[in-house]
Amino acid sequence: MLKKILLSMLVLTAVAQSGAQAANNAAPVKKPPPPPDYFPLRVNDWWKYQSTTGEGKVTKFDIKVISAEKQPDETIIYAVDTTTPNAIHDWYSKQKGQVLRHKEQYGDNANMVVNYDPLFLFIQNPLWGKDKDGNIQTWQWKGKGMMNVDIEENATVSGPEDVFVPAGKFSCMKVSNHVKQGGAEMVKTFWFANWVGLIKSSTQSGPVGSVTELMDWSFKPKPKPSK
């Protein structure tokens, strides 16, 4: 009887060791990628940009997520600051596949504030361009801007396309936005990369234009060690 018990223990030990070895030899389980997000907003994340006008004037600025505050309806409002000579403060939320701007303030002047009504549709998120049936992703927004100026925007998405900026090469979705603002017309074009955010933008109003490019960002992947 004792021999049978010892034999059974030896068999169970061998099976356990074999299973452990097989588990060690198995390929590591890969974590599924996070859901698409073309405008990530995490507190303390930052992006550095350089803007160049048609005349060659260069301006550098940073954008940083300052805070995230949950509202009574569970909506999270993100405060985002742009550090220029006259700081720009923006408040965003993400709701139902959209990035919405609630409010914008230029500097610390309480008179230079826009409370958007309806909320300003910044982008749809995620960006997909064209579905399997050939439907193109578009949206429209109408509302009031600074000084109560009427604004109408019509956006169309295309891509993906590769974009090269000082921060590197990115696969981006392109948003072409035709804007009517206070009687003037302009074209704003944006390139967004999944899980990174705004990579490049351009604005053209008649002969006047500028281009903004990503220089660096805080949460970029660390380089893999060389073998």
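All figures in this text were calculated on a predicted structure; none of them were measured in a lab.
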K.L.:
Out of curiosity, L198 CG to T212 OG1, how far, rounded to the nearest 0.5 Å?
P.N.:
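Rounded to the nearest 0.5 Å, the CG-OG1 separation comes to 8.0 Å.
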K.L.:
Would K130 count as a cation-pi partner of W128, with NZ or CZ less than 6.0 Å from the six-membered ring centre and within 45° of the ring normal?
P.N.:
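Relative to the ring axis of W128, which defines the angle, K130 lies outside at least one limit.
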K.L.:
Within the distance-only criterion (no hydrogens, no angle test), does the side chain of E153 pair as donor or acceptor with the backbone N or O of I151 below 3.5 angstrom?
P.N.:
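Side chain of E153 to backbone of I151: no pair is present.
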K.L.:
Does a salt bridge link K103 with D90, judged by any charged N lying under 4.0 Å from a carboxylate O?
P.N.:
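Looking at K103 and D90, the cut-off is not met.
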K.L.:
I'd like to know whether Q95 forms a side chain to side chain contact (heavy atoms under 4.5 Å, CB included) with T75, so could you lay out the CA-CA distance, the side-chain angles of the two residues, the decisive distance to 0.1 Å, and finally the verdict.
P.N.:
CA-CA 8 Å; Q95 304 179 49; T75 298; 3.7 Å; yes
K.L.:
Could you check, using the six-membered ring where one of them is a Trp, whether F170 and F192 have ring centers closer than 6.0 angstrom?
P.N.:
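No, they do not, as the ring centres are separated by 6.0 Å or more.
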K.L.:
Using modelled atom types and a 3.5 Å cut-off, is there a donor and acceptor pairing between side-chain atoms of S218 and backbone atoms of D45?
P.N.:
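Checking the backbone N and O of D45 against the side chain of S218, no donor-acceptor pair under 3.5 Å is found.
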K.L.:
May I ask you to say whether K94 pairs ionically with D37, meaning some side-chain N is under 4.0 Å from a carboxylate O?
P.N.:
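Counted as a salt bridge, because a side-chain N and a carboxylate O are separated by less than 4.0 Å.
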K.L.:
Considering residues at least two apart in sequence or located in another chain, which fulfil the salt bridge (charged side-chain N to carboxylate O under 4.0 Å, His left out) criterion with E74?
P.N.:
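Checked E74 against salt bridge (charged side-chain N to carboxylate O under 4.0 Å, His left out); matches are K70.
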K.L.:
Please round to the nearest 0.5 Å and tell me the distance separating atom CD of Q50 and atom CG of L214.
P.N.:
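If we round to the nearest 0.5 Å, Q50:CD and L214:CG are 11.0 Å apart.
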K.L.:
Are any side-chain N or O atoms of W195 and backbone N or O atoms of P35, one a donor and one an acceptor, separated by less than 3.5 Å?
P.N.:
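Yes; judged by distance alone, with no hydrogens or angles, the pair exists.
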K.L.:
Going by an N to O cut-off under 4.0 Å, is there a salt bridge joining D81 and K64?
P.N.:
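Answer for the salt bridge query: no.
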K.L.:
So, T52 side chain and G56 main chain: donor-acceptor pair closer than 3.5 Å or not?
P.N.:
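The answer is no, because no donor-acceptor pair under 3.5 Å joins these two groups.
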K.L.:
Are the side chains of M186 and T203 in touch, meaning some heavy atoms are under 4.5 Å apart?
P.N.:
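Yes - at least one pair of side-chain heavy atoms lies under 4.5 Å apart.
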K.L.:
Please evaluate residues W47 and D216 with respect to the criterion side chain to side chain contact (heavy atoms under 4.5 Å, CB included), reporting the C-alpha separation (whole Å), side-chain torsions for both, the decisive distance (0.1 Å), and the verdict.
P.N.:
CA-CA 6 Å; W47 301 257; D216 196 6; over 6 Å; no
K.L.:
Quick check for you: to the nearest 0.5 Å, what is the distance between S51 atom OG and K60 atom NZ?
P.N.:
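Separation between the atoms: 12.0 Å.
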K.L.:
Any link between F219 and V99 through a network of hydrophobic side chains (Ile, Leu, Val, Met, Phe, Trp, Tyr) touching at under 4.5 Å?
P.N.:
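Per the 4.5 Å side-chain linkage, F219 and V99 are co-clustered.
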K.L.:
Between I76 and A68, what is the shortest heavy-atom contact and its length?
P.N.:
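Where I76 meets A68 most closely, the heavy atoms are CG2-CB, 3.8 Å.
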K.L.:
For W91 and Q105, indicate whether the former's side chain and the latter's backbone hold a donor-acceptor pair under 3.5 Å.
P.N.:
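It does not hold such a pair.
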K.L.:
Donor-acceptor pairs under 3.5 angstrom involving side-chain atoms of residues 106-124: please list them, not counting sequence neighbours.
P.N.:
residue : atom : partner : partner atom : Å
Y106    : OH   : E104    : OE2          : 3.4
N109    : OD1  : N111    : N            : 2.8
Y116    : OH   : E104    : OE1          : 2.8
Q124    : OE1  : Q137    : NE2          : 3.0
Q124    : NE2  : T138    : O            : 3.4

K.L.:
Please state whether the rings of F61 and Y49 are parallel, tilted or perpendicular, taking 30° and 60° as the class boundaries.
P.N.:
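Parallel.
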K.L.:
Treat each ILVMFWY residue as a node, draw an edge where side-chain heavy atoms are under 4.5 Å apart, and state whether M173 and I136 are in one component.
P.N.:
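No: no chain of side-chain contacts under 4.5 Å links M173 to I136.
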K.L.:
Anything under 3.5 Å between a donor and an acceptor, one on a side chain of residues 154-165, the other on a protein residue two or more places apart or in another chain? List them.
P.N.:
residue : atom : partner : partner atom : Å
N154    : OD1  : Q140    : NE2          : 2.8
N154    : ND2  : E152    : OE2          : 3.4
E161    : OE2  : W191    : NE1          : 2.9

K.L.:
Find the distance between OG (S210) and NZ (K57) and round it off to the nearest 0.5 Å.
P.N.:
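Taking OG in S210 and NZ in K57, the distance rounds to 11.5 Å.
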K.L.:
Same hydrophobic cluster for V58 and V208, using side-chain heavy-atom links shorter than 4.5 Å among ILVMFWY?
P.N.:
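Looking at the clustering, V208 is in a separate group from V58.
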K.L.:
Are the side chain of Q204 and the backbone of G206 linked by a donor-acceptor contact shorter than 3.5 Å?
P.N.:
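Checking the backbone N and O of G206 against the side chain of Q204, a donor-acceptor pair under 3.5 Å is found.
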K.L.:
Kindly compute the distance separating CD (Q98) from OH (Y92), expressed to the nearest 0.5 Å.
P.N.:
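Spacing of CD (Q98) from OH (Y92) equals 14.5 Å.
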K.L.:
Does some side-chain heavy atom of W46 sit less than 4.5 Å from a side-chain heavy atom of N44?
P.N.:
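Result no, sub-4.5 Å side-chain heavy-atom pair not found.
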K.L.:
Quick check on the hydrophobic clustering: are L41 and I63 connected, directly or via other members, by side-chain heavy-atom contacts under 4.5 Å?
P.N.:
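The answer is yes; both residues are in one hydrophobic cluster.
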K.L.:
Does F190 belong to the same Ile/Leu/Val/Met/Phe/Trp/Tyr cluster as V179, with side-chain heavy atoms less than 4.5 Å apart forming each link?
P.N.:
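Same hydrophobic cluster.
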K.L.:
Where do V211 and S202 come nearest, in terms of heavy atoms and distance?
P.N.:
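Looking at all heavy atoms of both residues, the closest pair is CG2-CB, 4.1 Å.
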K.L.:
Run the side chain to side chain contact (heavy atoms under 4.5 Å, CB included) check on S201 and K188 step by step: do they pass?
P.N.:
CA-CA 7 Å; S201 67; K188 296 181 179 180; over 6 Å; no
K.L.:
Donor-acceptor pair, distance only, cut-off 3.5 Å: does the side chain of N125 make one with the backbone of Y38?
P.N.:
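Yes, the answer is positive, given that a donor and an acceptor are paired below the 3.5 Å cut-off.
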K.L.:
Side chain to side chain contact (heavy atoms under 4.5 Å, CB included), that's the test. Do V175 and W139 meet it? Break it down for me.
P.N.:
CA-CA 10 Å; V175 179; W139 65 84; 3.8 Å; yes
